[in-house]
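Proteins get letters first, then strands, A, B, ... in listed order; numbering begins at 1 in each.
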Number of protein chains: 2
Amino acid sequence: MTASPAARPALYRQVTDTLRARLDAGTYQPGDRLPSESILAAELGVHRLTMRRALEELAREGLVQPRQGAGTFVLRRPATLAVTVPLTRGEFTSSLRAQLETQGQRYTDRLAGSEVADDPRARRELRAARTRMRRVDSFLEVDQEVWICSTAWGPDRLLRDVASVWRQTDGIYGVLLDRAALPLRYVWRSFGAEPASVEDAGRMGVKPGSPVVVREGLTADGEGKPVLWVRRRARFDRVRYVLHYDS
Amino acid sequence: MTASPAARPALYRQVTDTLRARLDAGTYQPGDRLPSESILAAELGVHRLTMRRALEELAREGLVQPRQGAGTFVLRRPATLAVTVPLTRGEFTSSLRAQLETQGQRYTDRLAGSEVADDPRARRELRAARTRMRRVDSFLEVDQEVWICSTAWGPDRLLRDVASVWRQTDGIYGVLLDRAALPLRYVWRSFGAEPASVEDAGRMGVKPGSPVVVREGLTADGEGKPVLWVRRRARFDRVRYVLHYDS
DNA sequence: CAGTGGTCTAGACCACGCC
DNA sequence: GCGTGGTCTAGACCACTGG
């Protein structure tokens, strides 16, 4: 019913399983440096390229992280942070930041860049045919790791000089709440997945093509006019989004 | 601020971009078979392995799909289906099925297997220390493609003989609604991402390690007792989940 | 500058689909 | 049985990190 009578899996896949078993067993501990690719290849009697393919799988699963020139390191286990998604349109509590604080983890919302730019998708989402628009990039760093890359689009009028009012604890909504007189409201949020772009992968320290959780959202002001379209890409092994219906 | 002064990207990455440009330009049309790896490699003057790495990226992005023995085919563009997630705990309308029907797409919810089994995670979620539990696997097929793989856990009492009452239009909730006298309610839903397992990847026709959207959820009966824990893995280029706050 | 991961070419064999 | 993608080995060079 499954496939042919269980053909022997490819060698690199067997190697992956061997290494995964060692990680599970604690042979290699989080933070440890693995033996070099050549050593491991020799030990298991395979070519270095085959070993690389195996290690690549593990990297994609978020178990290890290769660093050129330094070695391949065992990551700490995916203790995914469950970010609560509000079920009503008015709540703007950031469960993410609240949770990080209660767990005593240091986080910083860094502004990566900001420029006046144009994007058809953003224009459509914000229903802004002629407004001058600004794009703001930022990323959330937790315990030395980048967990989330964000891109926000909104009218330049509201986002001008973000750098000067940026607070590393509040992110883009902090800027907006300061400037938009009226209260903010959710219009929609969406959740999906995607392969990491080369740029995001570099920032997050994962392989290009690794899964990232994509959360998009549109926020409007009190009159219902869309003011911000945000697109967040988060490390799949660090972040997931939860809806609690028990309220 | 980004990295070193733009080192020349790796050759395989340049090849990826070349091919991606051709796909964007329509040089290769959806449904077409690409020239073989050897031909393409020769044409661009690279080794076949380098070409393979490039094609692998495109496959991971959901743009092409290699089929052993047959060739590499251009997939139709990711017209992601937006599945509406209800904001109240009682609604059990399946926006997915409704949308597929209005779009005139044929779908089938296939039962893949069912067995009495045990799983610590499922036991914990369902708060069932000693109940005999059953696992039910199914997948949703749309237009010849598998879009979603599901695994559901619940008390054997409610899931016995699923095969005999399974309707290909209703899936697991259909079974449950038939048997649970009381109305069902959501307890929570969560959204994340993950690399596709080898098994799921095979069923969905994607590469192992490709991103999949993971939707988990716990459902309870009218008295609030958890009765079903579901874990869905969906193709990232076909499904995303949306919350509309504008109701 | 030694050692590590990252890339690339070369050439071979295998498993599978299709004709 | 031919052509396709899938795997594996061999050996080389490069880019980067760290002492």
For the pair made of [atom1] in [X] and [atom2] in [N], what is the distance, rounded to whole Å?
| X | N | atom1 | atom2 | answer |
| --- | --- | --- | --- | --- |
| A/Ile39 | C/dT4 | CD1 | C1' | 11 Å |
| A/Leu40 | C/dG5 | CG | P | 8 Å |
| B/Glu37 | D/dT7 | CD | P | 11 Å |
| B/Arg52 | C/dC8 | CZ | C1' | 15 Å |
| A/Met51 | D/dT7 | CE | C1' | 15 Å |
| A/His47 | C/dC8 | NE2 | P | 15 Å |
| A/Glu56 | D/dG6 | CD | C1' | 15 Å |
| B/Tyr12 | C/dG5 | OH | P | 16 Å |

OP1 or OP2 of [N] less than 4.0 angstrom from a side-chain nitrogen or oxygen of [X], does that happen here?
| X | N | value |
| --- | --- | --- |
| B/Thr72 | D/dG5 | yes |
| A/Ser36 | C/dG3 | no |
| A/Arg53 | D/dT7 | yes |

Pairwise 5' ranking along DNA chain C for B/Val46 and A/Pro35, keeping only the more 5' one: A/Pro35
Listed nucleotide nearest any side-chain atom of B/Ala10, set C/dC16, C/dT7, D/dC16: C/dT7
Shortest side-chain distance from A/Leu11, nucleotide among D/dC8, C/dT7, C/dG6: D/dC8
Do A/Ser197 and A/Arg233 pair up side chain to side chain, a donor and an acceptor below 3.5 Å, judged on atom types alone? no
Heavy atoms under 4.0 Å, any strand shown: does [X] hit a base, just sugar-phosphate, or nothing?
| X | result |
| --- | --- |
| B/Arg48 | base |
| B/Ser38 | nothing |
| B/Leu49 | base |

Face-on cation placement of B/Arg53 at B/Tyr12 ring, 6.0 Å and 45° thresholds: yes
Do B/Leu40 and B/Thr72 have side chains that get closer than 4.5 Å, going by heavy atoms? no
Side-chain contact, heavy-atom cut-off 4.5 Å: A/Val64 with A/Leu34? yes
Quick check, are the ring centers of B/Tyr241 and A/Phe191 under 6.0 angstrom apart? no
